[in-house]
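Labels below follow one simple rule: chain letters A, B, ... track the order of the sequence lines, proteins then strands, and each chain is numbered from 1.
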Amino acid sequence: MASVRTRFAPSPTGYLHVGGARTALFNWLHARHTGGCFILRIEDTDQVRSTEPSVQAIFDALRWLEIDWDEGPFFQSQRLDIYNAHIDRLVAEGHAYHCTCTPEQIEAMREKARATGDKPRYDGTCREKGLSAGPGSVVRFKAPATGTTVVEDVVKGNIVFANEELDDFVLRRSDGMPTYNFAAVVDDVTMRIDTIIRGDDHVMNTPKQILIYNALSHPLPVFAHVPMVLGNDRTRMSKRHGATSVTAYRDMGLLPDAFINFLARMGWSYGDQEFFTRAELIEKFTLDRVGKSAGIFDPVKLGALNADHIKATSPQALTRHLLPFMQAQGIAAQDDAFLHGVIATLQARSKTLDEMARQAHFYYAEPVALDEAAAQKFLTAEALELLRALAERLSALGSFGEKDLEAVFLEVMEAFKIKLGKIAQPLRVALTGTTVSPGIFEIMVVLGKDRVLARLERAMAYIEKR
RNA sequence: GGUCCCAUCGUCUAACGGUUAGGACACUGGCCUCUCACGCCAGUAACAGGGGUUCGAAUCCCCUUGGGAUCACCA
């Protein structure tokens, strides 16, 4: 059996949205899982709405998601000869015909039908006229008036449509461009696509497409219509549901692996498992585990999953994703041991990369900005002698590991008969400027002896001055 | 309105005729503790309704209700 060939075929009429990303992901996962081929095709036959920036936005989003394609990108606008050749063939074989009815006439037909309670549909005026191509004419498909067309869908099961529901739909517009249903089928046929995975808002198109496959005497592909992604009000996601653009999630500080994990788990499941690495997704994804009901996009769960991925990713691997956020914070961080240390202390406390960069601020701030209230409360005369005792012993230290530090703290705690908390908070304020931070020992190790001592000195000077 | 699809905790979902209906997010307690997190433990919470089929139904069938999608010379 030939290997699987899937495709993602977005129309470039805006940024890549969440639903589109999931469609792309499922196609990609299925191809990767089966060792098949994933093809990218840009459906830009709508000359009015398609834009070049949209094309770039789609590439940009796919690149971020690390969804790569094996063939393409193909542009429908560059394949007109292919569509026209198929049009000629269908007309020659009697499956399609030229039609000179004007949009006004069509509208009149619809009005009339609506008035009498019939379906608004093309009445077949030109169907048997044997017209040839002329200015302003379109090509229509000669649809069967009776019988049924059944869609055998791997996720939905069989769906039966009565052919009388269909009319002689347009295959080629008067401007010479093919319509979606026609171009999609011709492309899928010529690109040898054998598995079509797409949103279930396409099921109503499928019988028309099947009819075209039949007219072309081409075997049908496997259809898999995956359920929709809805907003929190259960309607199709749109801007009023918050961010719908994939890159908006990148800009919020999501990890691409967390995002695809989340997307995959909406509509697809693998027992009780929630967390998947990219490799696991590829290994475990199969179409038969795709569910049939629509799901609501839950940004809170996405955030939780992102936190899990941040925790599970090595500081080294996190770095390239984090750097842009550090830059945005005005932090000139390098991909080095210091940064990796910083990241390690922040992983358990960051839900997004943006948060992480903000929390990393104090490590790089020289001098560190003291929070007014925190300094008021903890950098007191009482704390001064503790900090001084600590500084003295710290400066005498040869190695600056957590064990060495703990020993010093125990000494000080013993000498002053105090608990760790008594010294930790003033020290925390001295080192970070605030009362909230990673563990005090972790911070010190990452900062290193010199920075720690310098910050202690500055805090002590601050106390003496107040 | 026509056509089509869908229906388990608030949300994402598991269950493939027999379970105290499981997990995750969120929420609420508690533990851990140098702050904040993390982690751990515990708890609240669902089979839309009604008929069948069956010894037995969340699972199969029908109806109702609810939700969604789609009805172009857009894709």
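Between B/A21 and B/C16, the two C1' atoms lie 15 Å apart (nearest whole Å). Taking atom P in both B/C60 and B/A7, one finds a spacing of 9 Å when rounded to whole Å. Only the P atoms considered, B/A15 is 14 Å distant from B/U8, to the nearest whole Å. Nucleotides B/U11 and B/G67 place their P atoms 14 Å apart, quoted to the nearest Å. Using C1' as the reference atom, B/C73 and B/G68 are 28 Å apart when rounded to the nearest Å. Atom name P, nucleotides B/C40 and B/C55: the rounded distance is 47 Å, in whole Å. One C1' atom belongs to B/U59, the other to B/A26, and the distance between them is 28 Å to the nearest Å. Remark: the separation of the P atoms in B/U64 and B/G1 is 14 Å, to the nearest Å.
A/Thr435 comes within 4.0 angstrom of a base, heavy atoms only. Among the protein residues, A/Arg41 comes within range of no part of the nucleic acid, since none of its heavy atoms lies under 4.0 Å from any strand. Looking at heavy-atom distances under 4.0 Å, A/Gly267 makes contact with sugar-phosphate atoms alone, never a base. Backbone-only engagement by A/Val170 is indicated by non-hydrogen atom pairs under 4.0 Å involving sugar-phosphate atoms exclusively. Using a 4.0 Å heavy-atom distance criterion, A/Cys99 is classed as making no nucleic acid contact. Within the nucleic acid shown, A/Ile296 comes within 4.0 Å of sugar-phosphate atoms alone, with no base atom in reach, counting heavy atoms only. A/Lys422 comes within 4.0 angstrom of no nucleic acid atom, judged by non-hydrogen atoms across all strands. A/Thr179 comes within contact range of the sugar-phosphate backbone alone, with a heavy-atom separation under 4.0 Å but no base atom that close. Base engagement by A/Gly439 is indicated by at least one non-hydrogen atom pair under 4.0 Å involving a base atom. Note on A/Pro227: nothing from the nucleic acid sits closer than 4.0 angstrom, heavy atoms only.
Both A/Gly291 and A/Lys419 lie near RNA chain B, and the one whose nearest nucleotide falls closer to the 5' end is A/Gly291. Where A/Pro120 and A/Lys301 each meet RNA chain B at their nearest nucleotide, the meeting point lying more 5' is that of A/Lys301.
Comparing B/A75, B/G23, B/G68 by their nearest atom to the side chain of A/Leu230 picks out B/G68. Set against B/G39, B/U70, B/C36, the side chain of A/Met204 has B/U70 as its closest nucleotide. The nucleotide whose nearest atom lies closest to any side-chain atom of A/Pro103 is, among B/A75, B/C73, B/A14, B/C73. Listed nucleotides B/C5, B/C12, B/G2 differ in distance to A/Glu165; the shortest reach to its side chain belongs to B/G2. Listed nucleotides: B/A26, B/C12, B/C34. Nearest to the side chain of A/Ala304: B/A26. Looking at the side chain of A/Val300, the nearest of the listed nucleotides B/C73, B/A26, B/A75 is B/A26. For A/Tyr180, counting side-chain heavy atoms from C-beta on, the closest listed nucleotide (B/C36, B/A75, B/C25) is B/A75. Here the nucleotide nearest the side chain of A/Ile159, chosen from B/U11, B/U35, B/C4, is B/C4. You'll find that the side chain of A/Phe161 is closest to B/U3, out of B/U3, B/U35, B/A75. The nucleotide whose nearest atom lies closest to any side-chain atom of A/Ala348 is, among B/C4, B/G2, B/C38, B/C38.
One finds no side-chain N or O of A/Arg428 lying less than 4.0 angstrom from the OP1 or OP2 phosphate oxygen of B/C36. Side-chain N/O atoms of A/Arg121 include none lying less than 4.0 angstrom from OP1 or OP2 on B/U3. A/Ser437 has no side-chain polar atom (N or O) that falls below the 4.0 Å cut-off from OP1 or OP2 of B/C36. Proximity of A/Thr45 to the phosphate of B/A75: a side-chain N or O atom is located under 4.0 Å from OP1 or OP2.
Using a 4.0 Å cut-off between charged nitrogen and carboxylate oxygen, A/Arg114 and A/Glu111 count as a salt-bridge pair. A salt bridge is defined here as a Lys NZ or Arg NE, NH1 or NH2 lying under 4.0 Å from an Asp or Glu carboxylate O, and A/Lys112 with A/Asp123 fails to meet this definition. Using a 4.0 Å cut-off between charged nitrogen and carboxylate oxygen, A/Arg278 and A/Glu280 do not count as a salt-bridge pair. Residues A/Glu355 and A/Arg358 are not paired through a salt bridge, judged by the lack of any N-O separation under 4.0 Å between the basic side chain and the carboxylate.
To the nearest angstrom, P of B/A69 lies 18 Å from CG of A/Asp153. Look at CD1 on A/Ile443: it is 13 Å from P on B/C36, rounded to the nearest Å. Distance CG (A/Leu166) to P (B/A72): 12 Å, rounded to an integer number of Å. B/C34 atom C1' lies 12 Å from atom CG of A/Leu390, rounded to whole Å.
Because its NZ or CZ atom is not both nearer than 6.0 Å to the ring centre of A/Tyr462 and within 45° of the ring axis, A/Arg458 does not count as a cation-pi partner of that residue.
When each of A/Ser54, A/Pro12, A/Ser11 is checked for a side-chain contact (heavy atoms from CB on, under 4.5 Å) with A/Ile42, only A/Pro12 meets the rule.
The shortest side-chain heavy-atom distance between A/Ile197 and A/Thr195 falls under the 4.5 Å cut-off.
One finds the NE2 atom of A/His98 at 8.0 Å from the CG atom of A/Leu131 (value rounded to the nearest 0.5 Å).
For A/Asn205 against B/A75, a side-chain-to-base donor-acceptor contact under 3.5 Å is present. Contact annotation: side chain of A/Lys292 to base of B/A7, donor-acceptor pair absent below 3.5 Å.
Pairing for B/G18 goes to B/C55, judged as Watson-Crick or G-U wobble with the two contacts each under 3.5 Å. Across all strands shown, B/U65 forms a Watson-Crick or G-U wobble pair with B/A7, both key distances being under 3.5 Å. Across all strands shown, B/G43 forms a Watson-Crick or G-U wobble pair, both distances under 3.5 Å, with B/C27.
Qualifying salt bridge (charged side-chain N to carboxylate O under 4.0 Å, His left out) partners for A/Glu414, counting only residues two or more places apart in sequence or in other chains: A/Lys417.
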